[in-house]
Amino acid sequence: MSAHSDAAVNADRAAPARAASYLHDGYTLWSWLSSRDHKRIAILYAVSITAFFFIGATAAALMRLELFTPGADVVDADTYNRLFTAHGVIMVWMFLIPSIPSVFGNFALPLMIGARDLAFPRLNLLSWYLYAGGGLFTIAALLLGGVDTGWTFYTPYSSVFSNTHVILTLAGVLIVGFSSIATGVNFIVTVHTLRAPGMGWFKLPLFVWAIYATSVILVLATPVLAITLLLLAAERVFHVGLFNPALGGDPLLFQHLFWFYSHPAVYIMILPAMGVASEIIPCFARKRVFGYRFMAFAIIGIAVISFLVWGHHMFVSGQSAYASMVFSLLSFMVAVPSAIKVFNWTATLYKGSISFTAPMLYALGFVVLFLQGGLTGLFLASLSVDVHVTDTYFVVAHFHYIMVGGAVMAYLGAAHYWWPKITGRLYPESWARLAALIIFAGFNLTFFPQYLLGYEGMPRRYHTYPPDFQVLNVLSSAGAAILAVGYLLPLGYLLWSCLHGRPAPDNPWGASGLEWKTATPPPQHNFDRLPDGSDPPYDYPPLQE
Amino acid sequence: MDAATPDSEQDIGRQAARTRLGMWAFLGSEVMFFGPVFFAYLYGRFMWPQAFEAASRGTDLLCGAVNTAVLLTSSLGVAVAHLLADRGAYGRARRALDAVVLLGLAFLAIKGYEYVQDWREQLVPGPHFHLQGAVNQAGAQLFYFVYFFATALHALHLTAGIALMLHCRRALRRRPGRPTLRRLEAAGLYWHFVDIVWIFLFPALYLAGRAL
């Protein structure tokens, strides 16, 4: 590197920020840990959530290593149980549920509606502390030896028989749950009361709609989980039976209460991801979202129906056949608004001026993987097929396609899309595209064989398997290795870009939306003058025929 | 920033609306929080109707009834305190809050007395549980599981409510004004919610089954 370019880089780094960006509002650790600025809290979330992601991913990597061969070579059955529990608990509660709402909802939502901050900034900071505290409880349980119940904590195993750190883990999940509720309340009030002048409900970006609907689910579903876990803890501590059939209780009651939360929780993960795709696709197709109102109504529809389908997790649990039929029908209904969204993204792309940038690759990857996961969801909603594949790798593949293929792809897409706004730096585009392709390939190689494994009858939660299944398992484990490389790449080049990336202009993508109309990175109070929200969303000029 | 957001009348009104909406959203989540407890009660009552009826006759009706009166009166006190503070009578508003806090503590004391009685009568679920005259001890124990869980959860909420009231009382003394009034209103909503939960718990746990 010549002395000249060195100096240029240094000059870039030392260039005084315009109007004191939020990044320059104090440099001490405490100025971050005590900040009530939604943008700084978003970054606190991003750092902690990424850390949890890699802890959960390490557990997954160990599992895939064990499943490389049919026998028990790496870990014993007990350790394997603790591994998949740690993977599930950490990924579901510490990563998937808070990821997009807490990081990008926090960062982008106030900017997108032209607000100076969330409605309750102090509550927002408290939410992060609850999240971090609850996460540490879970990590403590892991360090003390872990839990072997699975992330679903099914009774009576979790309430009576398991001799691992169930209570500590429950406490962690409970505390993280309160963080979710506080975040949800904050977003709801923010969207209701802090929209820029002129911004009616049908001028909101779809990402805001998605976060709003997610917040409603968070506020209404999370407390059910909280109380269910408290009841479970009470049963475990005081040895009285609410769920234990030996003491007069009913384990089905636990499943009903647990899935009443945990099924909507899937939509807590996927709705924000849909919101992200709805921002990125029109931006890089240079077109308005096709059927904006239908997209918004579909979000609401998914949120409402999400509360009515929990029984499809219990088709083989012994609930009445009549209940199973009703839940099967209701589960099919979720496909309708989901399909509307996929059709409308496709229609948005149709005849668009598409540029395959890194965020766009992630968003397209999201649509493809969500489509696969969603279609196999229909298999599982069909009573008879579900009975065949229940608790097999088919289910594992299905929910990984939705939750990892959907939510994680969208999380990375959001990270790349808003990265210039967040950090004021551009990332190396070719590396980012390469990473997106590696992740997409690695993901499919990991999880597609699992559909086949499950269909052939390999059960989940076992650390050994008959040798017949080895070829597909080896493929899956190899895919996991590729996926690991794919996940480490963004960590590397994004961190690099924080220090050495080219400074980003205010609107590097030429995107519409209020968040691109303020400085990059935004000043502490977001906007020097309150913006006008009366433009229609996705106001891209019509393309020439 | 400060120049752009003057402390106008309109802003104060918006702030109040924000706090109110936030509290309502939170109370929505609180309804769902208590929901499963009522669901568990209904489930048990549907599965073991006789045991639940017999068990509910073991609760202390007098204590429950007195506590209902105490709690309803306290809710009146909160409403009065808000009204007085709204009219600028901060001193009298503080005295109304004193009454609210005392009534809340009285409720907890009576509840504690009840718990001690239950303990003596072996009604606490566990190895020593025994309800006299009940055929189905497991079903009766389930009732008492729900009873203790629900009332303890309610008492916990009431304790938080008392803390909120003390906080508002202090704020009324130190810096009376619109922000404090806003906080008192939100705290009042919470207090009324805790009251309403009891309005459902009382008939479910104490009254249902008495007439038989």
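Below, chains carry the letters A, B, ... as their sequence lines are ordered, and counting in each starts from 1.
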query = How about residues 16-38 of chain B versus chain A: which residues have heavy atoms under 4.5 Å apart?
reply = B:Arg18, B:Thr19, B:Leu21, B:Gly22, B:Ala25, B:Phe26, B:Gly28, B:Ser29, B:Met32, B:Phe33, B:Pro36, B:Val37
note = Looking only at heavy atoms, the pair that brings B:Thr59 and B:Arg210 closest together is O-NH2, 2.5 Å
query = Are A:Arg40 and A:Trp128 in a cation-pi contact, defined as NZ or CZ under 6.0 Å from the six-membered ring centre and within 45° of the axis?
reply = no
message = So, taking the atom named NE2 in A:His24 and the one named CD in A:Gln524, what distance separates them when rounded to the nearest 0.5 Å?
response = 13.0 Å
ask   = Side chains of B:Tyr41 and B:Phe143: does their closest heavy-atom pair fall under 4.5 Å?
value = yes
task = Hey, could you give me the NE2/NZ distance between A:His525 and A:Lys39, rounded to the nearest 0.5 Å?
result = 8.0 Å
request  = Indicate yes or no: at least one non-hydrogen side-chain atom of B:Leu123 is less than 4.5 angstrom from one of B:Gln117.
outcome  = no
Inter-residue atom distance A:Tyr212.OH - A:Trp209.CH2, 0.5 Å rounding = 7.5 Å
key: Residues B:Phe39, A:Phe260; criterion ring pair (Phe, Tyr, Trp, His ring centres under 6.0 Å); working and verdict   = CA-CA 12 Å; B:Phe39 183 75; A:Phe260 183 83; 8.7 Å; no
Donor-acceptor contacts under 3.5 Å from residues 215-234 of chain A side chains, at least two apart:
from	atom 1	to	atom 2	distance (Å)
A:Ser215	OG	A:Ile211	O	2.7
A:Thr222	OG1	A:Leu218	O	2.5
A:Thr228	OG1	A:Val224	O	2.5

Per-residue contacts, residues 173-184 of chain A versus chain B, heavy atoms under 4.5 Å = A:Phe178, A:Ile181
ask   = Which region of A:Asn186, side chain (C-beta onward) or backbone (N, CA, C, O), has a non-hydrogen atom less than 4.5 Å from a non-hydrogen atom of chain B, or is it both or neither?
value = neither
query = Is any residue of residues 156-184 of chain B within less than 4.5 Å of chain A by heavy atoms, and which ones?
reply = none
query = Which value, rounded to the nearest 0.5 Å, describes the distance between B:Arg45 atom CZ and B:Phe52 atom CZ?
reply = 8.5 Å
inquiry  = Does B:Phe107 form a ring pair (Phe, Tyr, Trp, His ring centres under 6.0 Å) with B:His154? I'd like the steps, not just the answer.
reply    = CA-CA 11 Å; B:Phe107 180 96; B:His154 177 262; 5.4 Å; yes
query = With a 4.5 angstrom heavy-atom cut-off, which part of A:Leu242 approaches chain B: side chain, backbone, both or neither?
reply = both
Part of B:Phe129 lying under 4.5 Å from any heavy atom of chain A = neither
ask   = For the residue pair A:Thr518 and A:Leu111, what are the closest heavy atoms and their distance?
value = CG2-CD2, 4.1 Å
message = Is any side-chain heavy atom of B:Ser74 closer than 4.5 Å to one of B:Leu71?
response = yes
query = Hey, does A:Arg236 have a side-chain heavy atom less than 4.5 Å from the side chain of A:Val160?
reply = no
task = Give the minimum heavy-atom separation between A:Leu118 and A:Thr190, together with the two atoms involved.
result = CD2-OG1, 3.4 Å
query = Given that the side chain runs from C-beta out, which part of A:Phe120 has a heavy atom under 4.5 Å from chain B: side chain, backbone, both or neither?
reply = side chain
